[in-house]
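All remarks here apply to the structure that follows.
Values below: all heavy atoms of this structure, side chains included; hydrogens, waters and symmetry mates excluded. The chains referred to below are lettered A, B, ... by the order of the sequence lines, with proteins before strands, and numbering in each begins at 1.
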Amino acid sequence: MEKTYQPADIENRCYENWEASGFFAPTGKGKPYCIMIPPPNVTGTLHMGHAFQHTIMDALTRYHRMQGHNALWQPGTDHAGIATQMVVERQLEEAGQTRTGLGREAFLEKVWEWKNHSGNTISRQMRRMGDSVDWSRERFTMDEGLSRAVTEVFVRLYEEGLIYRGTRLVNWDPVLHTAVSDLEVISKEEDGHLWHFRYPLTSGDGYLVVATTRPETMLGDTAVAVHPDDERYRQLVGQTVRLPLADREIPIIADDYVDPEFGTGCVKITPAHDFNDYEIGLRHKLPQINIFTEGASISQNAPRPYQGLDRTEARRRVVADLDKLGLLEGIDDHKLMVPRGDRSGEIIEPFLTDQWFVKATELAGPAIEAVESGQIRFVPENWSKTYFEWMHNIQDWCISRQLWWGHRIPAWFDAAGNVYVGHDEADARARHSLDDTIPLHQDEDVLDTWFSSALWPFSTLGWPEQTPELKTFYPTTVLVTGFDIIFFWVARMIMMGLKFTGEVPFREVYITGLIRDHDGQKMSKSKGNVIDPLDLIDGIELEALLEKQTTGMMQPQLKSKIERATRKQFPDGIPEFGTDALRFTFAALASTGRDIRFDLNRVEGYRNFCNKLWNAARYVLMNVAPENSTAVRVDEYVPLSLPDRWIRSRLGKTIAAVQDHFGNYRFDLAAKALYEFTWNEYCDWYLELSKPALQDDSPEKPGTRRTLATVLEALLRCLHPVVPFITEEIWGKVAPVAGASGTSIMLQNFPSVDDFPADEQAETELAWLQAFILGVRQIRGEMDIAPNRRLPVLLRDLSGDDKRLLKAHSSRLTQLARIQSIEILDDDQEPPPSAMALMGGMKILVPMAGLIDVEAERQRLEKNRDRAQNNLGRTQGKLRNEQFMANAPPAVVDKERAKSAALEQEITQLNEQLARLDQL
RNA sequence: AGGCGCGUAGCUCAGUGGUUAGAGCACUUGCUUGACAUGCAAGGGGUCGGUGGUUCAACUCCACUCGCGCCUACCA
């Protein structure tokens, strides 16, 4: 073995071997365990959030596979309609082509080409991460099978009246020329203005003042509204005003919606361009005048002078023209929420169009019930509130998109505009008894990508066919995803799953935190703070990293800023950490919080952990490998020493803890338990304790060798779900000497607590040993005595146990504490001036002669005494408190009594020793 | 406006109604100890955001409060 762990060497080799051997496929035996991957955008790349979630899904899958479950981690990707279409359009643009120039069919060919080209990126990343997905079952939302599921669902929902087509106000992206769902609109506060306009009363005397943040929409006003109880305007209700510029007469109406306190208490009503106004318009049967085109310039429904103007230009002209007419009352600065498309970044227009909708309210009921009843459990539980919050206020879901890339809506129109829905054109005709002579054309639009994603848990398993996989793995076990897509995806999967399979799509939803950068910022391309997980695995030079951060930017003006930030954050680029270190980091960061700051130092720490494990294995192999000595016998009885018994007991408790934490999705605690056992117990203590026991003449040698190997072997299995590569590599070498066999660690059983039962006596005795060694080390450390200098040690006031344990373990003590000699003083023997450590009643003394500074020792003892004194004060305070004595459980009182006695003894001993120092 | 979360060591974070509140990183001191300097040993560092309450006992439970953040819905 190499002296340090070199991850790159082994990781690729390992994975290829696993994959080629078919180890990722479900075994077909045992309890089904299934995780559906949240399908990433096929043309994208995996970011840190994916890497994080994949680590968790893979750890769970490997863990359950090792528990003997029939484990399936189902991989796949989605077609990401808008995002992908945008990318391909941009590529066309660079080549001097346009989507419309190419035509639908040719364009789609281009998209498929791009999909095939870039789709590999994700699978390459996943393989590098060690993801044990069943590649043979990989699915894509636009696959034939999944597309059939989409059509089936659409047709059935349509026939049940749960999908309808209608003219509604929707969120319209005027750049992408498509409707988007309300979830795809990001509203942010921006600086704007509030313009006050005068609308002259038709009756001739005076005017009303309305306020607006969007002056250009006044061209489509069809009313002015006031609050019905507003005394100022009550007598005007029913009258009309003359809409300036448009020169239309519009009514003054009364509606509760108006807040009389805000502005002037008069609101202009533009039903075709505002969601609230739209509702008011419906209530009052107002006309809807659509004054925009699909590109948000002024349409022919507006007065001629404004037609064709862009919306921002139209705004300037409207304001200027009103000003000219003396109708501009004033302009105030005003902060308002501006809705922008999450893809285009452009201001979204409420826009009146024909779209397809899902009646979400009807699907929501059972979906709410499924979580309320506990059929689906959110982890952490609190996220169910977010889910309920949204589900109780759910709006109909606009599912049509004016795009080309996606599932084309299975609806056909005749010349009269009648719509016929079916699985395909022939089916549509058959269902509606239309003969072939009637010309039909298919709806041009496609479905929202999330529509197909909502079917993912069952469409990937073959639905609508009743496949064996569906029967076995559905409902799936757990969904692992981020809180940012609870509405987009989780809720919709629950609704669709229940509707079409009658069962929940998953039993549990584990909601992960969001990976943020070191400063707590969300990682995004525009901030230039995204990290490719592969760059942490393989490392990357600063220059290459800068190049990566600043290419393909949407806002090139930020380049220098990003460069500076990158140089500051990663002055030397990123070193190679390896997959396992990254995975361990993700596991360790997976606590219950919802923001996770990614800290490079943590990765480094866990890289060191891998190296520690590697070297522990090196040590074990040096000592157990048959070529160095006789083979370790695992099949016959050998006596086990105290350290052997102790480490086995500790391992058993670690295994139990890890199982517990996996069950509760506390990967941070699992990682911590594994880290602490490996480093602080196995390496720091057991390996050190094994050294004297491995001397040739030691009777403990056989037991120690066996324990070294068997504990390491089991530890590797315990670690494997989190760090698959290094454990596989080491296991291959350790298993044979530990009496284990098999082709791969990933097919072994997870270690069992039963094989490593608790041994409380061994734990107590080893704790004594540790305390002794620590006592001596403390004196050595604080007195600055060289580590290689062997110390003479005197002991006083030993209990029977002390004597017994000392006798049994003096050689261990001598080695680990680097002791020259141990001498037991009788009670009447006056010890020489010494530094002292206390172990219960027993005193450990290190004679000072030439070694120890009296003043330093005095300070050390005083510090210890003061600390003890403080504690004693607190403890005695409690014991003097009658209420405490009366109300606290007896066990707690006893504990305080014992503590008090021990502290008193300690203080007495320390004071005596301090008095001795004074006499020097 | 409503909902949710966070505030613990210099930094990133665990934590429990009753241990001396922990870890990693950083810091100080000493060490090339035959697995590992990606290491070993010892050490310093926190009135657990604030106030009040419940309790024999609060970092932990409750109320209020300050600060930060997120989500949903918004007053034109």
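- With B:rC40, B:rC31, B:rG3 as the candidates, the nucleotide lying closest to the side chain of A:Pro787 is B:rC31.
- A donor-acceptor contact under 3.5 angstrom links the side chains of A:Glu184 and A:Ser181, judged on distance only.
- Of the candidate nucleotides B:rC36, B:rG18, B:rU20, B:rC36 has the atom lying nearest to any side-chain atom of A:Asn611.
- When rounded to the nearest whole Å, the span between CZ of A:Phe483 and C1' of B:rC6 equals 12 Å.
- When distances are taken from the side chain of A:Lys612 to each of B:rG43, B:rC36, B:rA76, the shortest belongs to B:rC36.
- Across all strands, A:Arg867 comes closer than 4.0 Å to base atoms (heavy-atom distances).
- Distances shown here put every side-chain N or O of A:Thr213 at or beyond 4.0 Å from the OP1 or OP2 atom of B:rA76.
- Nearest nucleotide to the side chain of A:Leu194, out of B:rG24, B:rA76, B:rG43: B:rA76.
- Residue-to-nucleotide proximity on RNA chain B shows that, of A:Glu688 and A:Pro889, the 5′-proximal contact is made by A:Pro889.
- For A:Arg597 and B:rU12, a side-chain-to-base donor-acceptor distance below 3.5 Å is absent, hydrogens and geometry of angles not being considered.
- Between B:rC56, B:rC40, B:rG5, one nucleotide has an atom nearer to the side chain of A:Trp679 than all others, and that is B:rC40.
- Considering only side-chain N and O atoms, A:Asn393 lies nowhere under 4.0 angstrom from the phosphate OP1 or OP2 of B:rA73.
- Ring geometry for A:Tyr682 versus A:Phe677: interplanar angle under 30°, hence parallel rather than tilted (30 to 60°).
- Comparing B:rA76, B:rC71, B:rG5 against the side chain of A:Arg594 picks out B:rG5 as the nearest.
- Nearest nucleotide to the side chain of A:Tyr257, out of B:rG39, B:rA76, B:rU72: B:rA76.
- Donor-acceptor pairing under 3.5 Å, judged by distance alone, is absent between the side chain of A:Lys3 and the base of B:rC36.
- Across all strands, A:Phe487 comes closer than 4.0 Å only to sugar-phosphate atoms, never to a base (heavy-atom distances).
- Within 4.0 Å of A:Leu879, counting heavy atoms only, lies no atom of the nucleic acid at all.
- Of the candidates B:rA76, B:rC40, B:rA42, B:rA76 carries the atom nearest the A:Asp259 side chain, counting heavy atoms from C-beta on.
- Under 4.0 angstrom from either OP1 or OP2 of B:rA76 there lies at least one side-chain N or O belonging to A:His334.
- Note: CD (A:Gln869) to P (B:rU20) measures 15 Å, nearest angstrom.
- Nucleotide B:rC71 holds its C1' atom 17 Å from the CE atom of A:Met391, rounded to whole Å.
- OP1 or OP2 of B:rG5 lies within a sub-4.0 Å distance of a side-chain N or O belonging to A:Asn382.
- Atom C1' of nucleotide B:rA57 and atom CZ of A:Arg880 are separated by 16 Å, given to the nearest angstrom.
- Nucleic acid contact class of A:Arg666 (heavy atoms, under 4.0 Å, all strands): sugar-phosphate only.
- If you check every strand for non-hydrogen atoms under 4.0 Å, A:Cys610 touches nothing.
- Listed pair A:Lys863 / B:rG44 meets the phosphate criterion, a side-chain N or O lying under 4.0 Å from OP1 or OP2.
- Close to B:rA57, at under 4.0 Å from its OP1 or OP2, lies no side-chain N or O of A:Gln883.
- Residues A:Asp332 and A:His193 have side chains that never bring a donor and an acceptor to within less than 3.5 angstrom of each other.
- What separates CZ of A:Arg618 from C1' of B:rA35 is a distance of 5 Å, to the nearest Å.
- Under the Watson-Crick and G-U wobble criteria, each requiring two contacts below 3.5 Å, nucleotide B:rG24 is paired to B:rC11.
- Backbone-only contact: A:Leu669 has heavy atoms under 4.0 Å from sugar-phosphate atoms and none from a base.
- Of the candidate nucleotides B:rA76, B:rG30, B:rA35, B:rG30 has the atom lying nearest to any side-chain atom of A:Asp784.
- Listed candidates were B:rG43, B:rA35, B:rA41. Nearest to the side chain of A:Asp684 is B:rA41.
- Side chain to side chain, A:Asn870 and A:Arg867 fail the donor-acceptor criterion of an N or O pair below 3.5 Å.
- For the pair A:Tyr675 OH and B:rC13 C1', the computed distance is 14 Å after rounding to whole Å.
- Distances shorter than 4.0 Å separate none of the side-chain N or O atoms of A:Arg602 from OP1 or OP2 on B:rU12.
- Note on A:Ala886: nothing from the nucleic acid sits closer than 4.0 angstrom, heavy atoms only.
- Between A:Lys522 and B:rG69, a side-chain N or O to OP1/OP2 separation shorter than 4.0 Å is absent.
- When each of A:Asp274 and A:Tyr682 is assigned the nucleotide of RNA chain B bearing its nearest heavy atom, the one mapping closer to the 5' terminus is A:Tyr682.
- Side chain to side chain, A:Ser900 and A:Lys878 fail the donor-acceptor criterion of an N or O pair below 3.5 Å.
- Searching all strands for a Watson-Crick or G-U wobble partner of B:rG44 with both distances below 3.5 Å returns nothing.
- None of A:Val509, A:Ile511, A:Thr512 except one satisfies the side chain to side chain contact (heavy atoms under 4.5 Å, CB included) rule with A:Phe483; the exception is A:Ile511.
- Inspection of the A:His661 and A:Asp668 side chains reveals no N or O donor paired with an N or O acceptor under 3.5 Å.
- Nucleic acid contact for A:Thr386: none, since no nucleic acid atom lies under 4.0 Å from a heavy atom of the residue.
- Below 30°, between 30° and 60°, or above 60°: for A:Tyr665 and A:Phe667 the angle between ring planes is above 60°, a perpendicular geometry.
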